[in-house]
Protein chains: 2
Amino acid sequence: MGSLNTNGGLSSVDVLIVGAGPAGLMAATWFARYGVNARIIDKRGTKIFNGQADGLQCRTLEIFDSFGFADRAWKESNHMLEICLWNPDEDGVLRRSDRIPDTIPGISRFQQVVLHQGRIERFFLDSLKEHSDIRIERGVLPQKLTFNQAASEDEDGYPIEVVLQHLTEYEINPEQSKATKGAATSDGLYRSNMAADDTEELLSKAIANSKAGSQETVRAKYMIGCDGAHSWTRKQLGFELEGEQTDYIWGVLDIIPITDFPDIRMRCAIHSASSGSVMVIPRENKLVRLYIQMTTTEKGDLPLDRKNITPQMILKCAQKTLAPYKLDYKYCDWWTAYQIGQRVGSNFSKDERIFLAGDAVHTHSPKAGQGMNVSMQDTFNLCWKISSVLNGNSERSILKTYQSERRKIAQDLIAFDHKFSRLFSGRPAKDVMDEAGISMVEFKSAFEKGNMFASGVAVDYGASVIVAKAGNAAEQEDGNDVEFESDACRVVGKQDLANNIKIGMRMPSFKVLNQSDARPWHFQEILRSNGKWRIVLFAGDVSKKEQMARVQKLGKSLAEPNSFINRFTPPGKPVDSVFELLTVHSAPRATTDLHDFPDILHPFSERDGWDYWKIYVDDESYHEGHGRAYEHYGVDSKKGCMVILRPDQYVSWLGNLEDVENMDSFFSGFMKVRN
Amino acid sequence: MGSLNTNGGLSSVDVLIVGAGPAGLMAATWFARYGVNARIIDKRGTKIFNGQADGLQCRTLEIFDSFGFADRAWKESNHMLEICLWNPDEDGVLRRSDRIPDTIPGISRFQQVVLHQGRIERFFLDSLKEHSDIRIERGVLPQKLTFNQAASEDEDGYPIEVVLQHLTEYEINPEQSKATKGAATSDGLYRSNMAADDTEELLSKAIANSKAGSQETVRAKYMIGCDGAHSWTRKQLGFELEGEQTDYIWGVLDIIPITDFPDIRMRCAIHSASSGSVMVIPRENKLVRLYIQMTTTEKGDLPLDRKNITPQMILKCAQKTLAPYKLDYKYCDWWTAYQIGQRVGSNFSKDERIFLAGDAVHTHSPKAGQGMNVSMQDTFNLCWKISSVLNGNSERSILKTYQSERRKIAQDLIAFDHKFSRLFSGRPAKDVMDEAGISMVEFKSAFEKGNMFASGVAVDYGASVIVAKAGNAAEQEDGNDVEFESDACRVVGKQDLANNIKIGMRMPSFKVLNQSDARPWHFQEILRSNGKWRIVLFAGDVSKKEQMARVQKLGKSLAEPNSFINRFTPPGKPVDSVFELLTVHSAPRATTDLHDFPDILHPFSERDGWDYWKIYVDDESYHEGHGRAYEHYGVDSKKGCMVILRPDQYVSWLGNLEDVENMDSFFSGFMKVRN
């Protein structure tokens, strides 16, 4: 393949990311924010421009917002508000049997939306360009992986060596067209629906790659395989996916529908009496995606071969299911047919040096709209950890929590998808005696429960060095060992201090006001993904003298020369560079001023003066109501509490204002003394 | 000046815009959306990068949103929520005497924000690039204007001829640096605070202008002078600004303040006992703008010369006013000093062919944060009118409403600014007997009233062919003649059908749900600036048979071959290309479907099927509450009403569902039969 020119140079990089889909791009985005020396390669010649995955969970939007681009997704996407369930009535006539909200009200400030993968890749690419020099190296194929296990615990070592082949234009194009096609062929109409900023990229010739046809060898400290279901990286490691292929074949059509079906702009699950099922996913730009079951168990049907499926066949199936409503289209943006198993990798890493993420460790059907989300959240979980090891703040021990935290999520996803697919694919039960049919009551209940799972906010990480909660890590069956050296140094947070801030789960968001300018913020908006750990001080009612005395004492303690803040912050760095202190008090805003609080809670800089963006208040805003944050978080509004948040917004610990020593123990469990 | 090469070609353009500041850019933006053949020239070599005007009214943000970029301004700007008034107490010690909301709660879905002019120019430039081929031609100076008055009423004529000089780089640079300086010199620090997308433009060499040093002659149908307070266009027309120069000199500092003054992130008006006044405007990127009065009437002070003022002098004045609080800075982004009169042009146009807008027809002090807003709203008012004359939909008569509508606004602005400046510049009264002093009670009251004016939503246009309300246009003292040919054909809307939809004012915004997908929208979000007139049908409770019958009858009437919709829409164009029908009904969402409504309310297209974005409902949303639109608009929730909105969201007419003939008369007053 290609030229045999192997005299390309030998170079080193801290992290090599293989694959520039959503999981790889999320990884690169973290490294960009931490300033980590990383490269990201992809064998394809361009990004994705249409089709593919499309659902975005609430939690994914929260994460996008922490990087500053949720607003773009929110603006361009189609918002899904309601799910309509359609079934045959007693006379066998299709009718709407139920309406349920698509996102459970109140669980997030975002709701589930739909936007195709190509736009999401665009937001990542723009963000990388704005914050770093990391660029996707396209048309680059990994060819050989060598791993020196003996060096895996050497912090300065480069145990990984990868040979990369830089493809010629001729070699890229077949790959590209294969990638664009998905599992089937496109009907070629798809480009007219493209965004302006993508069109520019597509029309410009691929940037001349001066290395085309050559090989190079890269040494790396860490490597992340985000290279999809057929992961090259996984194969090199000899790891397997465990699970089964499914019988079902599904067709997917992205069309502008011409129809009299009244709920075509709702998310719909439609079970016909005996002509299969259709799921309707309304999308951006007038498009609607239809997932259509192509195989039936009715006698007389021959087994279908996925390769022979055409859009016309998919449309015909959909027309049958939707009858008596009419369905047709003039414009098709993309289509495919798939047959997919639910499988999970046994190992998510090789010695915490080479990691697998996304489809490389879990595959499942796309109908639940989960795939892209779980994949991005894999590397969102992993890469702040790798970064904080590389920058010298954390011990390597925290890397084990990647598998312990994410493998369980993948398993839950597979179980969810398995149940959901079965319910979706079966024909509706004719009555309670019809055991071969699917109960529509059960189906609705599964849909409702699925909504909580599908929001992404239900993720609850188990006990580990970075999650100070009760429980035995070994019993979590995540296939990894994150036990504590001894129970003596183990820290467990006080969960009862805030009944809606759950240790192990992401910090929920309610509105608070900035003390200095009265502006309302959703609390999560302040929790930017910038690599900092956060200590949130719920300072309580500081208009009361005794409470303010507690806050002053805490401030003094945190500012001590040997406090954990000073010990774990590198010398010469700003006091908030590793730990950011955020205060939310519950006294009326007008009763207090910024300067009433200890200096360390609003640190001073020679150039910029006092910091006005650290102290917030739970009070009424002029234009956006009262957030009632203390009430919603379940925190005592007089006495308050303290919360430790990881750089990814997950809750590590809860304690009282006096529990500074306990916090110190928590951080001492994995942080390195710098000062 | 420059080369005398005058053999440049003779070309024609429909509209020539002189000046690419906010007023000129807003003009170009309308022409871009209408597809009008327009050119925009500016003598400066680059856009503005910092300093200058900064306040954005609620109404301006509503307008930005109608063009699709309010979100960028909202995200990057500093939001001002509260005004704090500081005065000496009885012992002469500075203290906070009051807090008032900066934007009156409930008047708009946006609040007043601050963002420097350079960013706003960026949003316009990006929007022009996305929607048209119109580009700013920089380094181009108009040199000679010839106007053929005889051709001014000839619709196909080009009565305007302008000779343009394309400057060489040498000629541009002095101009550019003069422009950047404002009224004084910059301290040279300002570029480090610049946004990434601006830096790119600044660092790139000016695009080689192949016409540099040459002249060309352009014939135009229309011309708009947006060329500032020293307008070249105005001078060619021999028009004057009327008004007076003020005595007051003000200094402006854009700094990152180092201070213990607790309200430095609030908008503050600070009157010291005898050391002058300071206005604090907190801005984006940690900056704060201080407006500082430099002249006093105290004896012993020599008159200052504006040219001798330095940033250190301005800082010293501010320090005196703020004492005993400390104020200093390490970083200054921009500074200036100004002395400005309040003046208004007598004429806003020459024969409705050459128009003046923005600072070219009104100047006033920048403290109220109004200038950029009123300037942009001038051309927002003007250019949809010019466009609809050029595209053949409207008679030229509507162009007279530019002066009748905007000159009154300019006069109001001047009066507001005059009062506000006087109150702000004076020293506080020592007691009620101190007649030379300013009453702080009066000052607070003026501030509160000013807030309504300063929001921009109080604008109320007088009666004209496009505003069907009672009143005598001649009595509006706007210096223009917009009288009706005869009272017989005059239409007056029924104001009592909706007490919060005021004929002559902009349509307020409340949340409604899309009937087809349950998504909540602020109603204004649907009123995009795309050049269409809108007929809003408040369809009432369509779950009642009699009410649905009224709606069906209306639909039938509007669809008649000789209805005004069909007569005024060019043949071959979609039915919604001149008039867009939007329906908001008040029946519960689940009781009705899209297809229950007449076809013309959700028109069918061969390619895209039914239109799902025309029919809305006033009902509870899943995640954003109940908009209660009928209640807030003051519309009868059973019977509804109809509203005509101009392309700029101002209300033209109100009527009942049966008043189709009256609507027909209204449109017949200025529209041209096309079909």
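In what follows, chains are A, B, ... by sequence order, proteins preceding strands, each numbered from 1. Because the structure is predicted, anything quoted here is derived from the model rather than measured.
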Checklist line | Nearest-0.5 Å distance, OG of residue B:Ser621 to CD of residue A:Gln111 | finding: 8.5 Å
Next item on the list: Could you tell me which of A:Pro101, A:Pro257, A:Ala518, A:Pro262 has the largest number of non-hydrogen atom pairs under 4.5 Å with chain B?
Entry: A:Pro101
Notebook entry, point to check: Can you name the residues that form a ring pair (Phe, Tyr, Trp, His ring centres under 6.0 Å) with A:Phe597, not counting sequence neighbours?
Noted result: A:His585
Checklist line | A:Arg265 side chain reached by B:Trp613 side chain, heavy atoms, under 4.5 Å | finding: yes
Check: Between A:Ile100 and B:Tyr622, what is the shortest heavy-atom contact and its length?
Finding: C-OH, 4.1 Å
Notebook entry, point to check: Does the side chain of B:Glu82 reach to within under 4.5 Å of the side chain of A:Arg589, using non-hydrogen atoms?
Noted result: yes
Notebook entry, point to check: Any idea which heavy atoms bring A:Trp74 and B:Arg519 closest together, and the distance?
Noted result: O-NH2, 4.3 Å
Next item on the list: Give, for atom CG of A:Asp102 and atom NE2 of B:His623, the distance between the pair rounded to the nearest 0.5 Å.
Entry: 7.5 Å
Checklist line | Nearest-0.5 Å distance that lies between atom CG in A:Asn514 and atom CG in B:Leu81 | finding: 9.5 Å
Check: Where do B:Lys286 and A:Asp608 come nearest, in terms of heavy atoms and distance?
Finding: NZ-OD2, 2.8 Å
Next item on the list: Enter the distance from B:Asp593:CG to A:Phe261:CZ here, rounded to the nearest 0.5 Å.
Entry: 9.5 Å
Note to self: Within the 4.5 Å heavy-atom criterion, are B:Ile264 and A:Trp610 side-chain neighbours or not?
What the structure shows: no
Item checked: For the student: nearest non-hydrogen atoms of B:Arg607 and A:Ile256, plus distance -> NH1-CD1, 3.7 Å
Checklist line | Side-chain touch B:Asp517/A:Asn78, heavy atoms, less than 4.5 angstrom | finding: yes
Check: With chain B, which of A:Met80, A:Arg109, A:His595 has the greatest number of heavy-atom pairs at distances under 4.5 Å?
Finding: A:His595
Next item on the list: Check whether any side-chain N or O of A:Lys75 sits under 3.5 Å from a backbone N or O of B:Gly68 as a donor-acceptor pair, and report yes or no.
Entry: yes
